[in-house]
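All ligand and atom numbering here is 1-based and tracks the order in the structure.
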Amino acid sequence: MAPDEEDSGTRMADLLGRQRSAFLHDGPPGLALRKARLARLRAAVLAHREALKDAVSADFGNRSRHETDIMELACVVQAIDYLSSHLRRFMKRERRHVHFFYRAARAYVEYQPLGVVGVMAPWNYPISLTLVPLATALAAGNRAMLKPSELTPRTSAALRRMLAEAFPEEEVAVVLGGPEVGAAFSALPFDHLLFTGSTQVGRKVMRAASDNLVPVTLELGGKSPAIVARGHASGRTLHGIVYGKLSNAGQTCVAPDYALVHEDDLEAFIARYAATVQRFYPQGPGSPDYTSIVSDRHRARLQGLVEDARRRGARVIEVGECPIGVAGRERTLVPTLVVNAGDDAPLMQEEIFGPILPVRTYRGIDEAIAYVNARPRPLALYYFGAEDGDCARLLARTTSGNVGINNTLMHVAQDDLPFGGVGPSGMGAYHGIEGFRAMSHARGVFVQGRWNFPGLLHAPFGRLADLAAALTLGKTKAPSP
Ligand code: NAD
């Protein structure tokens, strides 16, 4: 197939059939083969580094090459290295406790590969959100079919080309297409399906998967708050928030969506935000390190959110000016603060996914906790301030995906931490041993010993069996008739 040709339902079903037959024919791969597959993926990523960076930048209009290196390619290589070096431990049979009665027996858990894993990816980090799930699937001994996003067509085609060189289709296959192909893909009877994308599409994917009882991991989105403690609108805090908000121009699932700032610190926060943006991007939004918005439609939606908030009376502060008449930079969107927009503004209801930061003020930590708890559980929660007191209360009284204290985004780069949301922001997790286990089947095995108590009973009923039951249940009087 041509690297950019859309796939049909028949081809997808055929690929799944071939991968499943190959899996059953070859049996579960051992440690050496899994490591070899990971090494092949690593080598492919490094060999295609420049091509992938070019493709993703062309898809975005402009994507900072540093961002692609650090937030995509380095993440993938780091995840592969982590998985390779911990794989022996992850794969190890786990001894489990057996009850006193069965002491001469043994019990253990074995983590088996599931078979074929489906991976559906969004456009915002089109390389890492396709390849880290792939590396996890391979580490767990599976085959994989990938469906990257249609909104980054050059990157998706480059991934297909790269993976076709590195793996036979019976091991790893890439299918291309938009929502229709996505719908057909999510209806395939995979052994596991990992979907990364919006909550709205996640619902459809889970519905389709449920017809085949395919277990899902859903990595979704939402509005992740950044709460700044009183007196902490410092340079260090703003460094963390600006980095999280403007990397990839805010098109990051775990970007701080909005900030809750103590009312005494509002003006200091605004001034330092602007100063930090200027320090990060001295050439302004025209800087080659400031990423563009992925499509005209997404840019128009973001502008609409700001204009709506302005009309409703919110204070809007733009930091810098967009480049005018520069080829490839037409979809740049200026970093923007929106102060005290009302709860009814769509800006305060929808996931923003762009370089716009609404700032709301609060007076005490319980007000901030109530604000977070009145909304869907977020994918990430950020707190800037001392780690005890209010921070401990916030963590105890809220539920979210991962937490960052005095920083943003960095929790995602910790390979040993599980990554996933809760409720509307996701279901299940990957990264760490959690990812390996999500794509494995934990099979419990009980091995009968030569001598054990039930064996001595000779018959399943009688005096000895009654004694055994009494040891566990205590002596009970039979109810009188
Ligand atoms: P999306 O849900 O629109 O698309 C994701 C994938 O689903 C794409 O491959 C797309 O082709 C496919 N798809 C679209 N419509 C479909 C349908 N009806 N049936 C089946 N598949 C369909 O998401 P997006 O716009 O590409 O990405 C942005 C969203 O992803 C944001 O909400 C963001 O928060 C979320 N996200 C989450 C994470 C995470 O790790 N939790 C990471 C990145 C992005």
Side-chain angles (χ1 to χ4, degrees), residues 6-7 9 12 59-60 71-72 75 79 118-133 136 145-153 155-156 159-160 174-188 190 193-211 214 216-224 244 247-257 293-295 297-298 301-302 349-354 376-380 400-402 409 411-413 417-431 434-435 438:
E6 190 157 300
D7 287 86
M12 286 190 266
D59 281 335
F60 275 77
M71 301 175 87
E72 301 237 54
C75 271
V119 173
M120 303 179 72
W123 54 263
N124 63 326
Y125 290 95
I127 305 167
S128 55
L129 294 175
T130 308
L131 298 185
V132 175
T136 311
M145 284 174 60
L146 317 177
K147 152 66 187 92
S149 173
E150 69 284 7
L151 291 180
T152 44
T155 313
S156 299
L159 285 171
R160 165 127 100 184
V174 178
V175 304
L176 299 181
E180 273 180 29
V181 170
F185 189 89
S186 56
L188 292 172
F190 290 113
L193 181 59
L194 185 145
F195 169 83
T196 306
S198 60
T199 301
Q200 193 192 357
V201 175
R203 283 200 179 92
K204 295 184 190 173
V205 165
M206 187 166 171
R207 217 173 285 137
S210 73
D211 279 344
V214 173
V216 289
T217 302
L218 300 178
E219 299 285 341
L220 310 176
K223 289 181 87 65
S224 300
S247 291
N248 209 28
Q251 302 165 106
T252 303
C253 57
V254 288
D257 186 278
I293 305 301
V294 74
S295 76
R297 177 170 65 84
H298 287 76
R301 183 186 73 84
L302 292 165
Q349 293 171 356
E350 294 171 21
E351 177 182 14
I352 296 172
F353 227 56
R377 290 176 163 172
L379 180 59
S400 68
N402 286 359
L409 311 193
H411 55 96
V412 184
L417 280 182
F419 175 60
V422 52
S425 58
M427 179 182 294
Y430 71 126
H431 295 196
E434 286 78 5

Donor-acceptor contact present, side-chain [X] to main-chain [Y], <3.5 Å:
| X | Y | answer |
| --- | --- | --- |
| Asp7 | Met12 | no |
| Thr199 | Pro424 | yes |
| Ser224 | Ala380 | yes |
| Lys223 | Pro378 | no |
| Thr196 | Pro122 | no |
| Arg301 | Ile352 | yes |
| Asn402 | Pro418 | yes |
| Glu351 | Gly221 | no |
| Ser425 | Val422 | yes |

Mind telling me whether His411 and Phe419 have parallel, tilted or perpendicular rings, with 30° and 60° as the class edges?
tilted
In terms of the angle between their ring planes, are Phe190 and Phe185 parallel, tilted or perpendicular, with boundaries placed at 30° and 60°?
tilted
Please state which part of [X] comes within less than 4.0 Å of ligand 1, counting heavy atoms only: side chain, backbone, both or neither.
| X | value |
| --- | --- |
| Leu151 | neither |
| Tyr125 | neither |
| Phe185 | neither |
| Glu351 | side chain |
| Asn124 | side chain |
| Met120 | side chain |
| Ala208 | neither |
| Val254 | neither |

For [X], counting its heavy atoms only, list the atoms of ligand 1 lying under 4.0 Å from any of them.
| X | value |
| --- | --- |
| Leu129 | 42 (C), 43 (C) |
| Phe353 | 28 (C), 31 (C), 33 (C), 34 (O) |
| Gly221 | 34 (O) |
| Lys147 | 8 (C), 9 (O), 10 (C), 11 (O) |
| Ala183 | 19 (N), 20 (C), 21 (N) |
| Phe419 | 40 (O) |
| Glu219 | 37 (C), 38 (C), 39 (C), 40 (O), 41 (N) |
| Glu150 | 10 (C), 11 (O) |

Check for me whether Phe195 has a heavy atom closer than 4.0 Å to any atom of ligand 1.
yes
Any non-hydrogen atom of Gly420 lying under 4.0 Å from ligand 1?
no
Carefully, step by step, assess Asp257 and Phe353 under the rule side chain to side chain contact (heavy atoms under 4.5 Å, CB included).
CA-CA 7 Å; Asp257 186 278; Phe353 227 56; over 6 Å; no
Please list the nearest protein heavy atom to [atom] with its residue and the distance rounded to 0.1 Å.
| atom | result |
| --- | --- |
| atom 2 (O) of ligand 1 | Ser198 OG, 2.7 Å |
| atom 18 (N) of ligand 1 | Lys204 CD, 3.6 Å |
| atom 22 (C) of ligand 1 | Val201 CG1, 3.4 Å |
| atom 41 (N) of ligand 1 | Leu220 O, 2.7 Å |

Before you tell me yes or no, could you show the steps for Leu417 and His431 under side chain to side chain contact (heavy atoms under 4.5 Å, CB included), namely the whole-Å CA-CA distance, both residues' side-chain angles and the distance that decides it to 0.1 Å?
CA-CA 6 Å; Leu417 280 182; His431 295 196; over 6 Å; no
Going by heavy-atom distance to [atom], choose the closest among [options].
| atom | options | answer |
| --- | --- | --- |
| atom 6 (C) of ligand 1 | Ala121, Gly182, Ser149 | Ala121 |
| atom 38 (C) of ligand 1 | Ser295, Pro126, Cys253 | Cys253 |
| atom 35 (C) of ligand 1 | Pro179, Gly197, Pro122 | Gly197 |

N/O of Thr196 under 3.5 Å from N/O of ligand 1, yes or no?
no
Before signing off on this row, confirm whether Trp123 and ligand 1 have an N or O atom pair separated by under 3.5 Å.
yes
List the atom of Leu379, the atom of Gly420, and the distance in Å for their closest heavy-atom pair.
CD1-C, 4.1 Å
Could you go through Met71 and Leu409, starting from their C-alpha distance and side-chain angles, then the distance that decides it, and tell me whether this counts as side chain to side chain contact (heavy atoms under 4.5 Å, CB included)?
CA-CA 10 Å; Met71 301 175 87; Leu409 311 193; 3.6 Å; yes
Any protein heavy atom nearer than 4.0 Å to atom 13 (N) of ligand 1
yes
Apply side chain to side chain contact (heavy atoms under 4.5 Å, CB included) to residues Phe195 and Leu220 and explain how you reach the verdict.
CA-CA 8 Å; Phe195 169 83; Leu220 310 176; 3.7 Å; yes
